[in-house]
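Heads up, the thing below is written out as structure tokens.
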Amino acid sequence: MKTRTRFAPSPTGYMHIGNLRTALYEYLIAKANNGDFILRIEDTDQKRYVEGATEIIYATLKRVGMNWDEGPDICGNYGPYVQSERKPIYAEYAHKLVELGGAHYCFCAQQENDDADEENAVPTKFQDPCKHLSLEEAKARIANGEKYVVRQTINKTGKSKFHDVVYGDIEIDYDDLDEGVLLKSDGFPTYNFANVVDDHLMAITHVVRGNEYISSTPKYNLIYESFGWTPPIYVHVPQVMKDAQHKLSKRNGDASFQDLVAKGYLPEAILNYIALLGWNPGTDQEIFSLSELKQTFTAERLNKSPAIFDIAKLTWMNGCYIRALPFDEFHKLAQPFYAQTLTRSVNEEELSRVLQSRIEVLNDIPAQIDFVENVLDFSPELYNNKKMKSDAEVAKQALSYAIEALEKQTNWSNEALFETLKTLAQDKGLKNGQILYPVRIALSGKETTPGGATEIAVILGKDETLRRLKEALAKLN
RNA sequence: GGUCCCAUCGUCUAGUGGCCUAGGACGCGGCCCUCUCAAGGCUGCAACACGGGUUCAAAUCCCGUUGGGAUCACCA
């Protein structure tokens, strides 16, 4: 049987990290087995629908290279792939389930979900009086125009057992299950019903979802059973947490995929990082491309306990990805940041060369290059550096020597400039640092800079370099 | 509260009874390299929640305690 997995988000807003990770695992399970990865939109809750949310889902999946084989926009043999377009299917199966004894019609008023005292609420199990209505009577009331829902019927007693790939065997007492609504009064199914019907009809073999669904899985199995269908292989994954107590959620404004991208994280790095949140390959390898992941991933190595999302490690990993980028690509990615901070014309290639190993996220760029536009105001004390044996007095000398030497300089490459200043230091009986350090300070006005004195000179160009040196020297006099 | 699930360095984790005086990675500290800062190399600090068993031997198995999470909607 061909492996088929599905990512079934509901279009309620941004794509958050936990969601994306679930999608990744679905994708990897399918692709590791030469199977199909299906995208299904679960929009049965019309109240929560957010305009544009499906587009974000598409864009995100495409951006990270997780292409789906079937979906709303890619015809397959199991469509439609949007639940709101499948409404008649659910109704048909809901009524069938009633006939089969797995559900019943219910005419009760909607239950209040009072979350006022959710902390110590002692929920009482809902005992549905309609359960005991005869089918004829129920049908008569429906024919009479009464509003109804289809509610699951649970008559079994004892323990429900099922196997989960990550959690192993789980037992839940049938008594603890409630008879939830399957088909709402508006004719739409609830998730509880739609996912079962769709997963079966779409021939899904592996269901990957958050472990909050563990406790309702027996209810789904009961539905499969009533229909005589085979349940899928379950892969429940632990939550992605913000800290030990709270899970990552979009409601709290926690980072979403697009937020991270906007901050200068590379999609490949984000994907790599979340793959490792709760999964490990059993080796020390940490950097994985999507195709490497496809070859290595096995659901059996998924972890059971929740993982805290650690931005520091993601940042490190992003730095690895930036450094591994071909130079041209990095240069291209850096362009927008130059455009937003620089008006002066500088050697941007050299700037990128110097920056590539020094930033971890693209958004670090502006702060790193602030001095390029204008030399920052600084006090002469900045020339003081014990290790470089530099101070304002040394600087005064060094700067005037440097100006003299550089004015004659024609080859404005880093190597040539470094050679010139090194020889200059030797000639004047100074240490290299005694020339280079003051020059770098004069050129930047910063204690630390990406790149050294000569690299900055290359970035700035000859005219600006000499102008800054002269200005700095004048300030010292 | 009932039920289910989870529990190794601050964080992500390796570990499936002896290879563990618990390994790797991030972060943090130090050193080296070095025209500052990065990068790179080396190195240090740092954990089996607790208590009982089982066993010649337990981070690993069992029980309990504690702590955390999930779930109990016409949301998914």
So for [X] and [N], does any side-chain atom that can act as donor or acceptor lie under 3.5 Å from a complementary atom in the base?
{"X": "A:Lys313", "N": "B:rA25", "answer": "yes"}
{"X": "A:Tyr213", "N": "B:rA70", "answer": "no"}
{"X": "A:Thr190", "N": "B:rC74", "answer": "no"}

Rounding to the closest angstrom, what is the interatomic distance between [N] and [M] at atom [atom1]?
{"N": "B:rC26", "M": "B:rU36", "atom1": "C1'", "answer": "26 Å"}
{"N": "B:rA7", "M": "B:rC45", "atom1": "C1'", "answer": "24 Å"}
{"N": "B:rU54", "M": "B:rU60", "atom1": "P", "answer": "15 Å"}
{"N": "B:rC56", "M": "B:rC20", "atom1": "P", "answer": "23 Å"}
{"N": "B:rG68", "M": "B:rG27", "atom1": "C1'", "answer": "24 Å"}
{"N": "B:rC72", "M": "B:rG15", "atom1": "P", "answer": "33 Å"}
{"N": "B:rA38", "M": "B:rA58", "atom1": "P", "answer": "46 Å"}
{"N": "B:rC32", "M": "B:rC37", "atom1": "P", "answer": "12 Å"}

Quick check for you: among [options], whose closest atom lies nearest to any side-chain atom of [X]?
{"X": "A:Ile170", "options": "B:rC6, B:rC4, B:rA76", "answer": "B:rC4"}
{"X": "A:Asp178", "options": "B:rC72, B:rC74, B:rG69", "answer": "B:rC72"}
{"X": "A:Val181", "options": "B:rG69, B:rA76, B:rC74", "answer": "B:rC74"}

Side-chain N or O of [X] closer than 4.0 Å to phosphate OP1/OP2 of [N]:
{"X": "A:Thr44", "N": "B:rA76", "answer": "yes"}
{"X": "A:Arg301", "N": "B:rG15", "answer": "yes"}
{"X": "A:Lys184", "N": "B:rA76", "answer": "yes"}

Measure from [atom1] on [X] to [atom2] on [N] and round the result to the nearest Å.
{"X": "A:Phe162", "N": "B:rC5", "atom1": "CZ", "atom2": "C1'", "result": "10 Å"}
{"X": "A:Leu314", "N": "B:rA25", "atom1": "CG", "atom2": "P", "result": "19 Å"}
{"X": "A:Arg151", "N": "B:rA73", "atom1": "CZ", "atom2": "P", "result": "10 Å"}
{"X": "A:Asp198", "N": "B:rA76", "atom1": "CG", "atom2": "P", "result": "12 Å"}
{"X": "A:Glu179", "N": "B:rC74", "atom1": "CD", "atom2": "C1'", "result": "15 Å"}
{"X": "A:Tyr191", "N": "B:rU71", "atom1": "OH", "atom2": "P", "result": "13 Å"}
{"X": "A:Asn211", "N": "B:rA76", "atom1": "CG", "atom2": "P", "result": "19 Å"}
{"X": "A:Tyr265", "N": "B:rC26", "atom1": "OH", "atom2": "P", "result": "16 Å"}

What is the pairing partner of [N], taking Watson-Crick or G-U wobble pairs with both distances under 3.5 Å in any strand?
{"N": "B:rA49", "value": "B:rU65"}
{"N": "B:rG44", "value": "B:rC28"}
{"N": "B:rU3", "value": "B:rA70"}
{"N": "B:rU21", "value": "none"}
{"N": "B:rA39", "value": "none"}
{"N": "B:rU34", "value": "none"}
{"N": "B:rU60", "value": "none"}

| task | Only counting residues at least two apart or in another chain, list the ones meeting ring pair (Phe, Tyr, Trp, His ring centres under 6.0 Å) with A:Tyr58. | result |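 If we apply the ring pair (Phe, Tyr, Trp, His ring centres under 6.0 Å) test to A:Tyr58, skipping adjacent residues, the hits are A:Trp68.
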
| Partner residues of A:His236 under the ring pair (Phe, Tyr, Trp, His ring centres under 6.0 Å) criterion, sequence neighbours left out |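 Result, ring pair (Phe, Tyr, Trp, His ring centres under 6.0 Å) vs A:His236: A:Tyr234.
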
With heavy atoms under 4.0 Å as the rule, sort [X] into base, sugar-phosphate or nothing.
{"X": "A:Ser216", "value": "nothing"}
{"X": "A:Gln245", "value": "sugar-phosphate"}
{"X": "A:Cys320", "value": "nothing"}
{"X": "A:Asn303", "value": "sugar-phosphate"}
{"X": "A:Asp284", "value": "sugar-phosphate"}
{"X": "A:Gln239", "value": "nothing"}

| query | Can we call the ring centroids of A:Tyr191 and A:Tyr213 under 6.0 Å apart? | reply |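 Ring-ring flag for A:Tyr191/A:Tyr213: true, centres closer than 6.0 Å.
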
| task | With sequence neighbours excluded, give me every side-chain hydrogen bond (donor to acceptor under 3.5 Å, both in side chains) pair touching residues 271-284 of chain A. | result |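 As it turns out, the side-chain hydrogen bond (donor to acceptor under 3.5 Å, both in side chains) pairs with a partner in residues 271-284 of chain A, which skip direct neighbours, are A:Asn272-A:Tyr321, A:Asn280-A:Arg301.
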
| query | Pick from A:Lys304, A:Arg21, A:Glu26, A:Arg209: which one makes a side chain to side chain contact (heavy atoms under 4.5 Å, CB included) with A:Val237? | reply |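 Filter result, single survivor: A:Arg21.
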
| Qualifying residue for side chain to side chain contact (heavy atoms under 4.5 Å, CB included) with A:Lys462, from A:Val458, A:Leu466, A:Leu460 |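 Considering A:Val458, A:Leu466, A:Leu460, a side chain to side chain contact (heavy atoms under 4.5 Å, CB included) with A:Lys462 is found only for A:Leu466.
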
| A:Glu329: partners by salt bridge (charged side-chain N to carboxylate O under 4.0 Å, His left out), with sequence neighbours left out |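 Here no residue qualifies.
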
| field | salt bridge (charged side-chain N to carboxylate O under 4.0 Å, His left out) partners for A:Arg323, two or more places apart | value |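 Not a single residue meets the salt bridge (charged side-chain N to carboxylate O under 4.0 Å, His left out) criterion with A:Arg323.
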
| said: On RNA chain B, compare the nucleotides closest to A:Asn280 and A:Asp176; which residue's is nearer the 5' end? | reply: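 Result: A:Asp176.
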
| field | Nearest-nucleotide 5' precedence on RNA chain B, A:Gln83 against A:Ile172 | value |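 It is A:Ile172, whose closest nucleotide lies nearer the 5' terminus.
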
| message | With a 6.0 Å cut-off (strictly less than), is the heavy-atom count around CD of A:Glu55, excluding the residue itself, greater than 12? | response |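 Enclosed.
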
| said: The test is side-chain hydrogen bond (donor to acceptor under 3.5 Å, both in side chains); show your working for A:Tyr265 and A:Thr315 and say whether it passes. | reply: CA-CA 8 Å; A:Tyr265 289 89; A:Thr315 303; 2.8 Å; yes

| request: Establish, yes or no, whether the cationic atom of A:Lys428 lies under 6.0 Å from the six-membered ring centre of A:Tyr401 and within 45° of the ring axis. | output: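 Judged by the rule (NZ or CZ under 6.0 Å from the ring centre, within 45° of its axis), A:Lys428 counts as positioned above A:Tyr401.
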
| request: If a protein heavy atom is under 4.0 Å from the base, mark B; if only from the sugar-phosphate, S; if neither, -; do that for nucleotides 32-39 of chain B going 5' to 3'. | output: --BBBBBS

